[in-house]
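Each ligand, and each atom within it, is numbered from 1 in the order the structure gives. We count residues from 1, following the sequence as given. The shown structure was predicted, so the numbers you read here are calculated from the model rather than taken from an experiment.
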Amino acid sequence: MGTSEAVLQVLSGAVPRLFCGDPYFSASDSRCAFKFPLKCSRRRASSYLQFLKYSSMQQYGVRGIGSSFPGSTKVDHSWLHSCKCQKAESVSGVTTEDGNGAWFVDNAKKLNPIDSMVNAPNVLEFQDLQQLKEEKEVFTSSGANGALRDTFHGLNIDSIEDEAWELLRESMVYYCGSPIGTIAAKDPTSSNVLNYDHVFIRDFIPSGIAFLLKGEYDIVRNFILHTLQLQSWEKTMDCHSPGQGLMPASFKVRTVPLDGDDSATEEVLDPDFGEAAIGRVAPVDSGLWWIILLRAYGKCSEDLSVQERVDVQTGIKMILRLCLADGFDMFPTLLVTDGPCMIDRRMGIHGHPLEIQALFYSALLCAREMLAPEDGSADLLRALNNRLVALSFHIREYYWIDLRKLNEIYRYKTEEYSYDAVNKFNIYPDQIPPWLVEWMPNKGGYLIGNLQPAHMDFRFFSLGNLWSVVSSVATVDQSHAILDLIEAKWADLVADMPFKICYPALEGQEWQIITGSDPKNTPWSYHNAGSWPTLLWQLTVACIKMNRPEIAARAVEIAEKRISRDKWPEYYDTKRARFIGKQSRLFQTWSIAGYLVAKLLLADPSKAKILVTEEDSELVNAFSCMISANPRRKRGLKNSKQTYIV
Ligand code: GLC
């Protein structure tokens with residue numbers, strides 16, 4: 001059965017979305033019956049600030065996620081995503097109006113020592129905290145050892161790592177008393193919050209991994225299960241809905257008055273699927289990262305019960321069906337609009353950007369590992385396997401570039417009409433940018449940013465290349481060559497702060513046309529070749545996988561020179577990353593978490609296996625079967641053998 005047939009079968013109902021007649025939906029574990037009967041008791045706070053001050057300290061009697069609402073068969077979003085908060089007295093006997101919230105602190109500590117430690121700083125207003133931080137900095141820079149801050153927090157903070165942990169914990173977001181994610185940035189110096197007070201799916205990944213590596217599994221489990229609920233949210237923009245299975249880019253926990261009761265509030269999860277995001281871009285990467293995190297959670301905690309849940313299995317399938325659905329494409333790569341991933345503004349990456357393809361491949365492999373074998377999934381699995389094989393062939397063959405391949409493109413014939421065309425995409429050699437002729441090292445290579453008919457985006461995109469190594473969509477030799485290139489181009493890619501998001505910057509007319517003259521993405525800033533410390537963690541996983549951790553260790557050392565002193569910026573500007581980014585947030589959580597994950601993994605490289613996927617022999621076999629069964633592809637392979645390193 002062909003891929004399209006297989007997918008059609010799946011689409012036609014083998015795995016219905018939230019369909020309550022599905023025998024695999026048990027009454028207690030079905031998403032269509034998924035309710036949150038948990039009640040967070042709270043009288044409406046007299047001011048928002050007061051709420052901020054206390055909410056994250058509250059320890060409620062929370063029933064586990066997945067508690068069912070017997071007999072219900074209809075998805076009711078108001079139930080799904082809200083946590084009703086009744087009058088405080090009814091549960092805890094304490095309200096936010098009780099003055100200094102001392103009860104919460106004391107009792108929270110008794111209930112959960114970890115959480116109470118986490119929550120402790122929230123007793124103070126954030127500004128006070130910031131002031132103390134600054135005082136500490138003055139202290140430390142003038143030769144003192146930061147004792148003031150240590151005394152204040154009662155924690156041992158004499159290293160960057162300790163500081164990072166403290167900041168990461170401060171960034172935790174609570175929903176009905178349970179940790180559910182981390183805020184994107186907690187920058188007290190920025191007046192314009194935009195959506196940096198949201199929990200972003202992609203930003204949470206390094207936070208989640210850091211918590212997993214530390215043995216703190218609850219926040220990751222909660223995050224996985226709550227974001228799963230948001231997947232079913234009805235999303236529209238101007239009366240149009242994107243495909244089912246889309247995960248939001250971010251969500252925010254909001255406290256709203258409870259309908260019909262002035263004295264009580266409820267917490268609701270408010271997702272953004274791109275319908276409010278700047279540019280209205282749907283986040284294609286969110287669902288892929290969600291699958292990757294789910295597998296990492298299972299591997300690290302050894303708690304497979306989450307991935308085995310029926311609602312989670314359905315969630316995986318919904319993402320897969322969305323990604324594997326047939327369209328007009330000739331390519332096995334995912335076709336997306338501009339800005340569907342970490343680069344979430346117009347940067348000329350629409351089409352088949354490498355980052356999405358690497359995450360797609362990784363998510364397919366992770367999903368394959370987790371999908372429960374059952375009759376209903378057979379076709380989906382077949383479609384998935386077909387896609388894995390086609391995708392790895394396509395990326396390895398057509399995205400790979402090194403000096404030899406560049407020379408080959410330089411000598412390409414064009415306008416070839418035949419099955420055997422060498423220049424299949426009709427690339428005109430004049431497209432080779434002058435910078436690349438100089439830049440390409442003798443040793444090393446990389447995967448280009450994007451491939452379309454008559455268009456190769458020759459920019460080096462870091463996340464796509466690093467995750468191609470991690471996911472094994474790049475061959476072993478290609479993976480080593482990517483690391484060779486990073487070493488050879490250290491001054492460009494790492495320079496004063498790891499790691500350039502892409503190289504080089506779009507400048508002049510190209511910048512005007514491609515970014516739409518975006519003032520945030522000016523050359524060597526932000527997405528346009530700015531440097532993002534968060535990428536340290538992906539670099540570390542890739543280096544560990546290839547048994548070359550010393551490369552990542554060098555990069556971490558460079559970051560350590562400035563990152564804490566600079567207050568954990570979101571990104572750096574200029575060619576050599578010398579300035580803190582023009583509009584960069586400070587205390588950006590994924591900069592903090594990315595650093596922590598890098599440190600934790602370098603300390604125990606064996607842990608990287610929770611993120612790595614290896615090419616398996618089944619796939620290699622399927623690949624050769626596919627090639628020998630299809631004479632047209634056979635011809636393709638004959639040529640390809642000479643063009644990529646296996
Ligand atoms: C910016 C980044 C995006 C990130 C978000 C929150 O929009 O481009 O990748 O998820 O900020 O940090």
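Numbered from 1 in the order shown, with element, the atoms of ligand 1 that lie under 4.0 Å from a heavy atom of Tyr196 read 1 (C), 11 (O), 12 (O). In the vicinity of Gln588, heavy-atom distances shorter than 4.0 Å reach the ligand 1 atoms 12 (O). Contact atoms of ligand 1 toward Glu570: 1 (C), 11 (O) (distance under 4.0 Å to a heavy atom of the residue).
Contact check on Glu216 versus Arg169 returns a salt bridge, with a Lys/Arg side-chain nitrogen under 4.0 Å from an Asp/Glu carboxylate oxygen. Taking the charged nitrogens against the carboxylate oxygens, Asp573 and Lys582 have no contact shorter than 4.0 Å, which rules out a salt bridge. Here Lys252 does not pair with Glu267 in a salt bridge; the nearest charged N to carboxylate O distance is not below 4.0 Å. Of the charged side-chain nitrogens involved, none lies within less than 4.0 Å of a carboxylate oxygen, so that Lys520 and Asp518 do not count as a salt-bridged pair. Salt bridge Glu369/Arg295: present, at least one basic N to carboxylate O contact under 4.0 Å.
Heavy-atom proximity to atom 1 (C) of ligand 1, evaluated over Tyr526, Phe204, Trp532, Phe200, is greatest for Tyr526.
Of the candidates Arg565, Arg554, Lys599, Lys599 is the only one forming a salt bridge (Lys or Arg N to Asp or Glu O under 4.0 Å) with Glu560.
The distance criterion of under 3.5 Å between nitrogen or oxygen atoms is not met by Ile343 with respect to ligand 1. The shortest N or O to N or O distance between Asp203 and ligand 1 is below 3.5 Å. For ligand 1, none of its N or O atoms has an N or O atom of Trp590 under 3.5 Å away.
Scanning all protein heavy atoms for the shortest distance to atom 9 (O) of ligand 1 gives Met342 O, 2.7 Å. Here the heavy atom of the protein found nearest to atom 7 (O) of ligand 1 is Asp344 OD2, 2.8 Å.
Donor-acceptor pairing under 3.5 Å is lacking for the side chains of Ser517 and Trp511. Counting only N and O atoms by type, the side chains of Lys186 and Ser171 include no donor and acceptor under 3.5 Å apart.
The proximity of Arg585 to ligand 1, defined as any non-hydrogen pair under 4.0 Å, does not occur for either the backbone or the side chain. By the criterion of a heavy-atom distance under 4.0 Å, neither the backbone nor the side chain of Tyr571 is placed next to ligand 1. Heavy atoms of Arg345 found under 4.0 angstrom from ligand 1: none, in either backbone or side chain.
Ligand 1 does not have His198 within reach: every non-hydrogen atom of the residue lies 4.0 Å or more from it. In this structure, His527 is part of the shell of residues with a heavy atom less than 4.0 angstrom from ligand 1.
Annotation: Phe579, atom CZ; neighbour count of heavy atoms from other residues, nucleotides and ligands within 6.0 Å does not exceed 12.
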